[in-house]
Number of protein chains: 2
Amino acid sequence: MTEISAAPAAPVRPLRADARRNYDRILAAAGAEVARSGANASLEEIARQAGVGSATLHRHFPTRQALLEEVFHDRVEALCAQARELAASDDPGEALVTWLRAVAVYGATTRGLAASLMMGPPHPPSGAGCGSMLLDAGGELLRRAQGAGAVRPETTMVDLLTLVNAVSLVTEGVADAADEAVRLVSLAIDGVRPLPVSGPAA
Amino acid sequence: MTEISAAPAAPVRPLRADARRNYDRILAAAGAEVARSGANASLEEIARQAGVGSATLHRHFPTRQALLEEVFHDRVEALCAQARELAASDDPGEALVTWLRAVAVYGATTRGLAASLMMGPPHPPSGAGCGSMLLDAGGELLRRAQGAGAVRPETTMVDLLTLVNAVSLVTEGVADAADEAVRLVSLAIDGVRPLPVSGPAA
DNA sequence: TGACAAACGGGGTGCCCCTCCATATCTTGG
DNA sequence: CCAAGATATGGAGGGGCACCCCGTTTGTCA
């Protein structure tokens, strides 16, 4: 988890040894710097801390988004793993809600993550980026929850994640970000109207 | 509404004529530029388009936030007016929801507004800024809705506006921003769980 | 109308993103 | 083991932006 694993899956040609070393250094520096300053951290500062020239950084990561994507890859993967675990739960409705809260907390406490997820193609993230990973992992949870009748059928994972991400984005950097995020997500999940005499999942 | 009205309420000394002219020009240019490029519009470009030096802009508006606050003042005031009208509705629950949707649409379609509202002091905006204005105006609606039993009593206006703002922020700039915003806000208001046989407001 | 407060804006500083290209470093076939 | 060629590097430079200093101009009012 703390180990930076390696370059992307199948680079047609393996990177030269020194190139790969720099790649990893940049990623490590970026992780630290983004944690400190958020998604707009200075790329030059990252290069400086990694001990490489700024050109090297730009060669490895053509866009800021590409860098962030890689920085957060492991953390997003962890969230996906959690989704897969929760998919085995015998209360699919609660499983989905639990996961959404977890995503919100992660996003609210991990500086830059939410912003990074919003950077890609407008909203339905397309490729194999972090957005799509979450979308896929969560999709399964949503399907099950809907199957169990715990969630309205017209709900989509895109909407849910957009909402959760919006909350993360807005609570990021606040003192008690995690609490705030959980509270807002819970509000959105439960709605603002009073529960009928006995709620569906009370 | 389209007229830029004047300098803030009570500047202890009235501005000199040329100063006031520049103030208004800057505000107009800022409105245009922010509409084009969002809350991060270049301040130098704004000064350029207003035909003033950048120092003049900084003298009138010490921070970006101060400028945005003034740019959006009228539009926020309009939303507050709408809130006051809606406060007379005989269905306080629906009135609140209607207003929240309106705020979301406004925020999603007015580039920079949502970002500007999030810039101030973390979340419970304090002073007499746009955030507080909305908070006050909406507070009345919320109180009535809660009085009518249409909204859970522990809900706060700060949370509601934060949520709505988050949605605006995230949908800003998307093609069908208004639709998207309304859909997400509605989702958050209604919650994700299926309605019981007959919903409270069906 | 003249003197003084008020306002102005050019230009400087420091930071940032991104690219070019002369140089240095790895890798591999002989 | 070594050279030739492919790869990778990073300093320097172009273009922008935010913000401030301070000599100059412009209203204002007695």
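Residue numbering restarts at 1 for every chain, and letters A, B, ... go by the order of the sequence lines. Note: hydrogens, waters and symmetry copies are ignored here, and every other heavy atom, side chains too, is used.
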Spacing of A/Ile26 atom CD1 relative to D/dA8 atom P, expressed in whole Å: 13 Å
Which of the following nucleotides, D/dC19, C/dT19, D/dT9, is nearest to the side chain of A/His60? D/dT9
B/Arg48 CZ to D/dA18 C1': how many Å, rounded? 12 Å
Is B/Arg21 touching bases, backbone alone, or none of the nucleic acid, heavy atoms closer than 4.0 Å? nothing
Taking atom C1' of C/dA6 as reference, at what distance in whole Å does atom CZ of B/Arg13 sit? 8 Å
Tell whether B/Arg20 reaches the base of D/dG27 with its side chain through a donor-acceptor pair below 3.5 angstrom. no
Under 3.5 Å, is there a donor-acceptor pair linking the side chains of B/Arg111 and B/Ser37? no
Regarding the side chain of B/Asp18, the nearest nucleotide among D/dG27, C/dG9, D/dA12 is D/dG27
With a 4.5 Å limit on heavy-atom distance, are the side chains of A/Gln146 and B/Val192 in contact? no
Go through C/dA7, C/dC18, C/dT27 for me and flag the one nearest to the A/Ala17 side chain. C/dT27
Between B/Arg16 and B/Val52, which is nearer to the 5' end of DNA chain C once each is assigned its nearest nucleotide? B/Arg16
Calculate the interatomic distance between A/Asn40 atom CG and D/dC17 atom P; express it in whole Å. 16 Å
A/Arg101 and A/Ser186: CA distance, side-chain angles, deciding distance, side chain to side chain donor-acceptor pair (under 3.5 Å) verdict: CA-CA 8 Å; A/Arg101 287 208 185 99; A/Ser186 300; 2.9 Å; yes
Indicate whether OP1 or OP2 belonging to D/dT9 is found under 4.0 Å from a side-chain N or O atom of A/Asn22. yes
Rounded to the nearest angstrom, tell me the gap between atom CZ in B/Phe61 and atom C1' in D/dC20. 18 Å
Just how far, in rounded Å, is C1' of D/dC19 from CG of B/Leu43? 10 Å
Sub-3.5 Å donor-acceptor pair from the side chain of A/Glu172 to the main-chain atoms of A/Gly112, do we have one? yes
For B/Val76 and B/Met133, work out which heavy atoms get closest and say how close. CG1-CE, 3.9 Å
Under 4.0 Å, heavy atoms only, any strand: does B/Arg59 hit a base, just the sugar-phosphate, or nothing? base
With respect to the side chain of A/Arg64, which nucleotide from C/dG9, C/dT27, C/dC17 is positioned closest? C/dC17
Distance, rounded to the nearest Å, where A/Glu44 contributes CD and D/dG10 contributes P: 14 Å
Rounded to the Å, how far apart are B/Leu15 CG and C/dA7 C1'? 10 Å
Compare the minimum distances between each of C/dC8, D/dA12, D/dC20 and the side chain of B/Ser54, then state the nucleotide with the smallest one. D/dC20
By the 4.0 Å heavy-atom rule, please label B/Ala55 as base, sugar-phosphate, or nothing. base
